[in-house]
Every structure is written in C-alpha cells, then in structure tokens.
There are 2 protein chains.
Amino acid sequence: MATMQRLQTTGLELFYAKGYYDTSVDDILKKLELSKGAFYYHFDSKEDFFIQIIQNLLARKIYSTLIEPIEGHDNPLTLITKCFDDAMETAVHNELDYGCILSNFLTEFNGKNEVIMRHLNEIVTVWEVNLVTALQKGKFNGYLDRHVDCEAAATFLMSSYFGVRTLMTSAAPSAKKYRFMSQLRQYFKSIESKVIS
Amino acid sequence: MATMQRLQTTGLELFYAKGYYDTSVDDILKKLELSKGAFYYHFDSKEDFFIQIIQNLLARKIYSTLIEPIEGHDNPLTLITKCFDDAMETAVHNELDYGCILSNFLTEFNGKNEVIMRHLNEIVTVWEVNLVTALQKGKFNGYLDRHVDCEAAATFLMSSYFGVRTLMTSAAPSAKKYRFMSQLRQYFKSIESKVIS
DNA sequence: GGTAAATCCGACCATATGGTCTGTATATAG
DNA sequence: CTATATACAGACCATATGGTCGGATTTACC
C-alpha cells in the first residue's frame, strides 16, 4: 500500500483510539517506521492530514455503516433496526471499543477547531438528510404513522445512537446493546403505521 | 474564595471547554494570575487535580441537574421530561455549549486513563441507579406499564440524552431540543400505563 | 545511461508542557 | 520577639511536539 494511504489509515486508527490532540505525528510515524520527511512530504500539516482523513476514510466509513444500509424501499424502521444492531454488534466484538468515531471527534473538536468542525458537521448533515429521507419514504409507503415528525425522529435516532455508543464503552457493552435495542423497538412500534393490514 | 476552590472551578471550566489534554496547567494559572507554586502546593499532579474536580464539582453538578430533579413520588416520566427539558434549555441559552460534560469526559478518557475512567463511571452508575429506581417506583405506583424493562429504559434515556447534547453543539440547538423532546414524549407515551384512569 | 522528478531520511529548531525546587511573605503559636 | 507552618512566587529542567530543511535514495522517462 502506498505510504500516503498507510499514513491515513494508521492515523485514523490512532486518532480514534487516543484522540487527535493526544496523538502525535511521531506516534504515527513510529508505528509505520517512517520519518518526518515522509509525513510532511505528503501533508502540509497535522490539521491538513486530519481533514484528508475525514474526507477519504471517515466519510466513507460513516456512509457504509450508517447510511447505505438504510437505503432501499423496505420498511425504514426495519432497516434502521438492523443497521444499528449491526453497528453495535461490531462494537461489542471489538476488543477495544472507543465509541462512535464521528461522535467522538465532534466532542473533541467542538469549540476548538472550526475548520475541522465544518467537515465533521457535513458528515452529520448527510447522515441526517438520509435518515429523514428514508423515514419520509417510509411514511409515504405506509410503514410509518402519518403523524410522525420525520425530522424529529431522525434527531432522536441520531442522538440515541451517539449516546449509546458512548455508554457502551464504559461497561457491559453487550447488555447495553440489548437494552438499547429493546427500547428502540418500543419507540419504533409507537411511530409505525397504526393501520391493521 | 480560597485559592484551591478557584483553581478547581476555573480548571473545570477550561477542561470542559478545551478538553483535559488540550488545557495546560499554565492556562489555568494564567487565567487566575497564579503561579506554578500555588498549583503544586495544593495538588500532587494534573491528574490528581482533575480527580478532585470530579469528586468535588462534577459529581455534585450531575447530581443537582440530572439526579435530584427526578427524585420524588410524582410520575417519573413527567419528572424526567422536565429534568431533560431544563437541562437542555440551559444549554440552549448558553452562548458556548460544549455538550454534556460527563459524556465529553467519558469520550476523552476512554482507553486513555483508567483511574479517571473509574471515577467517571461511578457517576454514570449513580445516575443509572437513580433512573432505574425512579422508573421502578413509577411502575409500582401505576405510572408505567407493568411490562416495561426499567433497566433498558434507563439505558435508552441516558443514551439519548448524551447523544442529543452532543448533537446540540453542532447546529440549531433549539430546534434539536424541540425535536428531541417531542420524540421523547412519544417514547414515554408508549411505556406509560395503559390503564384508563 | 543520464537526468530530473518524486519520495523519503533524520538532524535540527522553537515552543510548550508537566513537574521540581529554592526562596519569600504572611500568619500563627509559644 | 522568635520560630515554625502555611501559602505562594517564579526560575528552572527534562521531555515532547509540530514543523523545517538540506540531502540521500529511488523511480520514471528519454
């Protein structure tokens, strides 16, 4: 793999595990047995490096795990349930889970780096838009009750997912997942179509 | 106010705003016009300093905003609704909101500092226990449906609150709050007692 | 093979950080 | 009045960090 790719991949790994500010460029270079010269040949600065990681790796990761799985013409509540379940199951099986990567970075950069925040918020917006669209389509197709506020539901879903991923890192991730999913289904039952088919 | 108190208060402010690792001891001392001598006379290290802040300030803050308001014999769903509403309203009116302070620190220290994580998780546990207790009492008093899994509901509530506070920092906090609260009520309606009184 | 561009090395620099240590002013007690 | 503990000042230190720079090495191309 090309050096630039390796740097970004390892960079994301370490930034996710230790945070941006607590991960030095040297940490990344040491792990890859590369030198300062290699890094600053490919990237202007640590910030530039991270922004490229966001666009090249993080955005795709979020898309493939949280957005793409909910696209389709099936019941969005079913799709979202499976999507969250899968994402959380991956986290459970991960030896060292550090929570939702997007949520973590949002927390870390909030109020500290506006440029990076803009890039992160863009991903959040994409996720939100896709969730709202999926829910609206579901409403149109008769899966959701016609009184459901899709924007509100999307906000609620994003919130709960961000939060549970944070909570899962503390203790008993598997139990947390199970409990969360049971109440998510409870919530979904309350917004699904009331028409007896 | 005594120097030790001022250090802790200002320390928490800055740690909350900029994060623990991105806030230097000098930052705090500069803001208070104090010297290194003053700091290391009162505290053994930066870590010891932070742990004392957790116990003296953070724990009380969480207790007064998230735990104490839900104690009582009224409908816990009503109490929790008002509690979350108040907490989020405070955040909305706060010029610079950085999310839920407890959630932020959990994210920052996860996988990095086990000692601090233990202290933070203790606070989380206290919150969880109180939530579960309040819900169980509510079930006993006929406010909640008797099939409700109170542990699961507590996990769901904590998750959603952590998450929405993170989301609120990104954009349109007031709208996010409104949307979140509407769906929280929706969820609560689905777990409240079905008995027609 | 020669040349030039691309890629990488690693010494070096300015600055920042957590922490130490000596000194000093004030207060309190005998 | 003296002595001792408290409370703070600030110079100092070892280390770490982001970033620079001249040079070496490899690759691509004619």
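Bear in mind that the values here come from a model prediction, so they are computed numbers and not experimental data. Chain naming here is simple, since letters A, B, ... match the order of the sequence lines and numbering starts at 1 in each.
- Between B/Glu108 and A/Lys112 there is no salt bridge, since no side-chain nitrogen of the basic residue lies less than 4.0 Å from a carboxylate oxygen of the acidic one.
- The 12-atom threshold is exceeded at OH of A/Tyr40, counting heavy atoms of other residues, nucleotides or ligands nearer than 6.0 Å.
- Counting non-hydrogen atoms of other residues, nucleotides and ligands closer than 6.0 Å to CD of A/Gln55 gives a total above 12.
- Shown for residues 14-43 of chain B: residues whose heavy atoms fall under 4.0 angstrom of DNA chain C, namely B/Thr23, B/Ser24, B/Val25, B/Lys36, B/Tyr40.
- If you walk DNA chain C from 5' to 3' and mark each nucleotide with an atom closer than 4.0 Å to a heavy atom of chain B, the marks span C/dT17 to C/dT20.
- Between A/Asp85 and A/Lys177, at least one side-chain N (NZ, or NE/NH1/NH2) sits under 4.0 Å from a carboxylate O, which counts as a salt bridge.
- Relative orientation of the B/Phe49 and B/Phe39 rings is perpendicular, given thresholds of 30° and 60° on the angle between their planes.
- Salt bridge status for B/Glu192 with B/Arg146: absent, with no side-chain N to carboxylate O gap under 4.0 Å.
- Looking at A/Lys31 and A/Asp27, no side-chain N of the basic residue comes within less than 4.0 Å of a carboxylate O on the acidic one, giving no salt bridge.
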